[in-house]
K.L.:
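One structure is given below, represented as structure tokens, and several questions about it will come after.
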Amino acid sequence: MSPQTGESAAPLLTPYKMGKFNLSHRVVLAPLTRQRSYNNVPQPLAILYYSQRTSKGGLLIAEATGISDTAQGYPDTPGLWTKEQVEAWKPIVDAVHAKGGVFFVQLWHVGRVSNPGLQPNGQAPISSTDKPLLKAGFDGVEIHGAHGYLIEQFLKDQVNDRTDKYGGSLENRCRFAFEIVEAVVDEIGAERVGIKLSPFQDYLEAGDSNPEELGVYLANALNKYGLAYCHMVEPIMKTVGEKFECSESLVPMRKAFNGTFLLGGGYDRENGNKAIVENRADLLVYGRLFLANPDLPKRFKLNAPLNKYDRATFYHSNPDPVVGYTDYPFLETSS
């Protein structure tokens with residue numbers, strides 16, 4: 001297919017207005033855990049990683065970032081609770097803004113997924129949260145309410161065994177999530193807040209007996225806050241890194257949520273364009289493809305070949321942190 005034909009046939013490359021943010025295309029960088037923030041401090045190499053993946057008017061979501069010293073579940077993930085961490089994020093955010101990008105940071109607390117070895121003074125993991133910081137200059141935050149971490153531990157009935165006002169009924173199980181949304185909205189404004197949810201996923205043994213009911217309830221209830229967006233994960237991605245055939249769909253949630261709807265979960269160029277045409281999403285979130293192709297929107301525009309990703313380097317296990325992080329070639333340098 002010629003570049004001209006590819007460009008005219010790419011709904012993913014059409015502009016979109018997300019509240020106050022004018023996006024030039026609909027290809028979003030997913031919040032990918034990379035484990036290269038030593039001692040929970042973002043490193044200078046991240047400036048290159050994020051700026052490589054920035055296009056003018058493109059939306060990027062930074063990797064899951066801890067909001068307190070009790071939030072960590074994995075080593076070398078970034079934080080945003082100390083002055084040192086905030087200062088380390090600033091040049092990264094500045095680099096994205098210098099190229100015209102819109103930059104949200106995903107905030108998380110892993111809850112029971114952590115272990116004493118990652119907790120202050122070796123204490124047992126706790127279930128608490130703090131308000132975020134925007135002192136680093138981010139345009140907004142994404143609340144991580146997915147993948148079996150703290151918020152989802154309240155949402156899902158197969159893991160929430162509480163008998164107080166935060167357990168039992170659907171309304172009670174969602175109470176904690178809404179309290180966090182309200183706190184963050186009060187702190188920075190609804191137009192700067194998104195949320196990620198995965199009602200159909202069973203990550204870390206956090207499943208639900210009626211995920212569609214849960215998802216629709218959440219989508220409807222979130223409308224009153226006027227959030228920047230709701231980001232959901234396709235049911236086919238029931239576990240990390242694997243696709244499953246299923247009949248479930250996020251269409252009911254899409255219809256229930258009145259704002260910008262982000263969709264992620266194993267999409268490529270063809271089915272991403274189809275999702276936009278069929279109005280199943282406003283924006284498509286790409287993880288592995290964007291990781292391996294820093295110029296992914298350009299490649300989609302030209303319908304150009306893609307670099308293959310190396311799963312072995314997703315997380316930092318190589319002595320050289322550059323490997324699998326900032327060394328994927330751009331289109332003009334690909335052979």
K.L.:
Inspect the contact between Asp310 and Arg288 and indicate whether a charged nitrogen and a carboxylate oxygen are less than 4.0 angstrom apart.
P.N.:
no
K.L.:
Step by step, would you call Glu234 with Leu250 a side-chain contact (heavy atoms from CB on, under 4.5 Å)?
P.N.:
CA-CA 7 Å; Glu234 280 284 6; Leu250 291 176; 4.2 Å; yes
K.L.:
Do Val193 and Ile143 have side chains that get closer than 4.5 Å, going by heavy atoms?
P.N.:
yes
K.L.:
With no hydrogens and no angle check, do the side chains of Glu171 and Tyr217 hold a donor and an acceptor under 3.5 Å apart?
P.N.:
no
K.L.:
As a quick check of understanding, evaluate side-chain contact (heavy atoms from CB on, under 4.5 Å) for Gln106 and Lys196, giving each step before the final call.
P.N.:
CA-CA 9 Å; Gln106 186 186 76; Lys196 182 177 182 179; 3.6 Å; yes
K.L.:
Quick one: list whatever passes ring pair (Phe, Tyr, Trp, His ring centres under 6.0 Å) with Tyr309, sequence neighbours left out.
P.N.:
Phe314
K.L.:
Report yes if the distance between the aromatic ring centroids of Phe103 and Tyr50 is under 6.0 Å, otherwise no.
P.N.:
yes
K.L.:
Taking C-beta and beyond as the side chain, do Pro329 and Asn307 meet within less than 4.5 Å on heavy atoms?
P.N.:
yes
K.L.:
For this output row, return yes or no: ring centroids of Tyr286 and Phe300 closer than 6.0 angstrom.
P.N.:
yes
K.L.:
Under the ring pair (Phe, Tyr, Trp, His ring centres under 6.0 Å) test, which residues partner Phe21, sequence neighbours left out?
P.N.:
Phe104
K.L.:
Testing the 3.5 Å rule here: is there a donor-acceptor pair between the side chains of Gln158 and Ser209?
P.N.:
no
K.L.:
Indicate whether any N or O donor in one side chain lies under 3.5 Å from an N or O acceptor in the other, for Arg254 and Asn279.
P.N.:
yes
K.L.:
If we ignore angles and hydrogens, is there a donor and acceptor under 3.5 Å between the side chains of Gln43 and Tyr38?
P.N.:
no
K.L.:
To the nearest 0.5 Å, tell me how far Phe261 CZ sits from Leu284 CG.
P.N.:
11.0 Å
K.L.:
So with a 6.0 Å cut-off around NZ of Lys83, is the heavy-atom count from everything else above 12?
P.N.:
no
K.L.:
For Asn39, does the CG atom sit with more than 12 other heavy atoms under 6.0 Å from it, leaving out its own atoms?
P.N.:
no
K.L.:
Is a side-chain donor-acceptor pair under 3.5 Å present for Thr14 with His25?
P.N.:
no
K.L.:
Do you see a donor-acceptor pair shorter than 3.5 Å between the side chains of Thr260 and Tyr16?
P.N.:
yes
K.L.:
Under 4.0 Å between a Lys/Arg side-chain N and an Asp/Glu carboxylate O for Glu332 and Lys298?
P.N.:
yes
